[in-house]
Amino acid sequence: MNTLKLRDYTGKALSECTILELYNAALALTQDACRNRGYNSGKKKVYYISAEFLIGKLLSNNLINLGIYDDVKAELAEAGKDITELEEFEYEPSLGNGGLGRLAACFIDSLATLGLPADGVGLAYHCGLFKQSFEDRKQHMRPDYWRKWGMANWMKRTDKHYKVQCGDLELLSTMYEIDVTGYGSKCGRLRLFDLDTVNEGLIGSGIGFDKKEIEKNLTLFLYPDDSDEDGKLLRVYQEYFMVSNAAQLILDECVERGSNLHDLADYAAIQINDTHPSLVIPELVRLLTEKGIEEKEAYQIVTDVCAYTNHTILAEALETWPKHFFKAVVPHLMPIIKRMNDAVKAKYEEPSVQIIDEYGNVHMAHMDIHYSHSVNGVARLHTDILKETELNNFYKLYPEKFNNKTNGITFRRWVIECNPELTELITEKIGEGWKTDARQLEQLIPYAEDETFLQCILNRKNTKKHKFSAWIEQYQGDKVDPESVYDVQIKRLHEYKRQQLNLLWAIDRYLHIKDGYRPRRPVTVFFGAKAAPAYVIAKDIIHAILAFSSIVNNDPEVSPYLKVVMLRNYNVSMAEKLIPASDISEQISLASKEASGTGNMKFMLNGAVTLGTMDGANVEIAELVGEDNIFTFGQSSEEVIEHYKNADYVAKNWYKKDKRLAAAVDFLVSEEMLEAGDRKLLKQLYDELLGKDWFMTFPDFESYCKTKDKALAAYEDRMGWAKKMAVNIAKAGYFSSDRTIDQYNNDIWHLEKDC
Ligand SMILES: *Cc1c(COP(=O)(O)O)cnc(C)c1O
């Protein structure tokens, strides 16, 4: 029974409160409700260490998890206030980039929900990821001062401080905490470290700042521009600061719970989310030996405690650091890393599995694999590729360590919160059980034949499309026809994700319409993506999309049939608005390159149909929904891997062979485009595609166009499409992060549930 009332936190009638007063009251109420629930506890606890937690707004999510959303909404309504005003008023935290950080956020939600004692551990960035705007049809970046927003904040300062030694530099940390609510359960915590000496005044124009003054800049930004030496060095400082704090916190807490440190693995499980937290391994060895444990035993303890999640097979994304970086930042860890490397060398001669290579570079993933007891990939295909190709030499040494944990998403945020319309419809048919046991969504399968139900699904999708259309017009002025097909690609901008393929399709369609073709129904192509500050081609792709959209949207002959919308500053809150309104989910990465994807799961759950390659978790989606309910195209991962192995792909040959493709590519540097955009940037992109096209856009162009045409034709059979939507929703249960976390716990952590 909820006895907490907003009115008790305002000191005056709700109708007389400002939005800020109401918000602060809701925040205080939520924090009390958390405390009343209590925190999951037990002998063994998992520490999920991650450089990113892309948590999104928290108010509604917390109210839903605490079971008081409807009460608060009603209390506000009685006073003539609308809870959506509070939701819009809240400012989104900026603590993550994309998929990896969003995964960490879903995981801490599921950990709390399942009653598992757990902390997320990371950094309290002041500005996190930049805020994106468009000027002159180019990406502009500004600092996102999210911590300055409002008067109250979810993040609470604690009086915990640790010393972190980096060479001659001694840093003193402060720990902050954010409560993590579980759905109908006790809570968990997100613990984020910061330095009191960090100075936002250091930020100059845009997101530039002096990268040398570590005490003043350490936690200003998430992954600051690392295109130069100072930026790279700063990143190593960030990583070490994060894990040294984590390691000290973990040892303190475990001793408090009764560990004698020899038995640390009975008290702690550490999950290393990608290689950013990998230095936790030598840091723990250092701290344990300082406390009197033999170094050899320390290796074993750390291996028993740590588990590593791999998120990528892109060679350029696997972290390796030149030894001199570590000598500058963590000179006291270097001898330990060297001895760890010697121990590996004594056992295994194979050069490709060494921690320190012949050039003196330290391979973080290699350290993780040797000194963790578990190595997991994030989708079945990804794990298979790790085992058979990328990490094959490690797999041969440690087959027992390798396992798969297909990613998942929290259904509380990704349907209950963001799509109450669909949630209500589902619940009307199959009851509430699916909210805690997502597999029960399968009970919807019989309704995929029920025309009344299918009409309801279409109606609710339509409601969401109208809402989004109204929102986007006031947000950035674009007029979108809610009757058009919403064709959506929202994710970080990367060549392997192939926004350029989607752009080439749109250009092809534009040329077609200019030639007199009149499609039956308009299509709106939505892009939302930020490009990393130093990623030149990614920024060129954004520029090309913006230039092209200005041509299409202002052409009265074309715009009734085709629109291209580039969304400004794509983030979690925007995803929550757009995904429920989407018809087609674009998941078109080059096969073998997307480890899993989680956007694909959010779309599926909200009744969008996937148009995708057989990559990452798309493979598992295809298997679950069956070929009638997904549109797949393109080269297989085996073919792609073979091409890379033989180095036999030549973009130009495809360009010469395929006239439609050549016309679309040439349009990038056409008179119209050069007028709308910047010659240098467009030419740069054109040359990159023709001269290299590293992620093989051209070979998939024809099958992409054909398959997209097929999807658009299928859309016209409204009942047929609604059936595909229903099957996708019904089969989405597998992708609940509750399932993923349950598997992590059963196979890797072995914690006892506190419920
Ligand atoms: C889910 C999500 C992502 C990850 O999307 P992918 O398509 O899996 O790359 C990135 N950013 C935000 C804001 C998200 O919500």
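Order of listing sets the numbers, starting from 1, for every ligand and every atom in it.
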Quick test: of every protein heavy atom, which one is nearest to atom 8 (O) of ligand 1, and how far off is it to 0.1 Å? T598 N, 2.8 Å
Among all protein heavy atoms, pick out the one at the shortest distance from atom 5 (O) of ligand 1; state its residue, atom name and that distance to 0.1 Å. G599 N, 3.8 Å
Please determine which of K708, K497, R498 meets the salt bridge (charged side-chain N to carboxylate O under 4.0 Å, His left out) test together with E586. K708
Ligand-side contact atoms (ligand 1) for residue partner V572, heavy atom cut-off under 4.0 Å: 13 (C)
Considering only heavy atoms, does F603 approach ligand 1 within less than 4.0 Å through its side chain, its backbone, both, or neither? neither
Short list, please: which atoms of ligand 1 are under 4.0 Å from a heavy atom of G597? 8 (O)
Please report which non-hydrogen protein atom sits nearest to atom 12 (C) of ligand 1, along with the residue it belongs to and the distance in Å to one decimal place. Y570 OH, 3.4 Å
Are K593 and F695 in a cation-pi setup, meaning NZ or CZ lies under 6.0 angstrom from the ring centre and within 45 degrees of the ring axis? no
For W414, counting its heavy atoms only, list the atoms of ligand 1 lying under 4.0 Å from any of them. 15 (O)
Any side-chain donor near an acceptor of the partner, N376 and N403, under 3.5 Å: no
Give the residue, atom name and distance (to 0.1 Å) of the protein heavy atom nearest atom 7 (O) of ligand 1. K491 NZ, 2.7 Å
For the pair R147 and D194, find out whether any cationic side-chain nitrogen is under 4.0 Å from an anionic carboxylate oxygen. yes
Quick check: K602 and ligand 1, any N/O pair under 3.5 Å apart? yes
Sole residue of T181, D738, T436 in side chain to side chain contact (heavy atoms under 4.5 Å, CB included) with R412: D738
For the 3.5 Å polar cut-off, considering only N or O atoms, please tell me whether E594 and ligand 1 meet it. no
Side chain to side chain contact (heavy atoms under 4.5 Å, CB included) partner of L425, the single match among I729, I457, L444: I457
For the residue pair D109 and S737, confirm or rule out a side-chain donor-acceptor distance under 3.5 Å. no
For atom 4 (C) of ligand 1, what is the nearest protein heavy atom, given as residue, atom name and distance? G99 CA, 3.5 Å
How does N571 reach ligand 1, by side chain, by backbone, by both or by neither, if only non-hydrogen atoms under 4.0 Å count? backbone
By number and element, which atoms of ligand 1 are closer than 4.0 Å to a non-hydrogen atom of G98? 10 (C), 11 (N)
Using distance alone, with no hydrogens and no angle criterion, decide if N62 and T30 have a side-chain donor and acceptor under 3.5 Å apart. no
Among R492, K497, R102, closest by any non-hydrogen atom to atom 9 (O) of ligand 1: K497
With side chain to side chain donor-acceptor pair (under 3.5 Å) as the test, pick out the partner of E421 among R460, K461, K467. K467
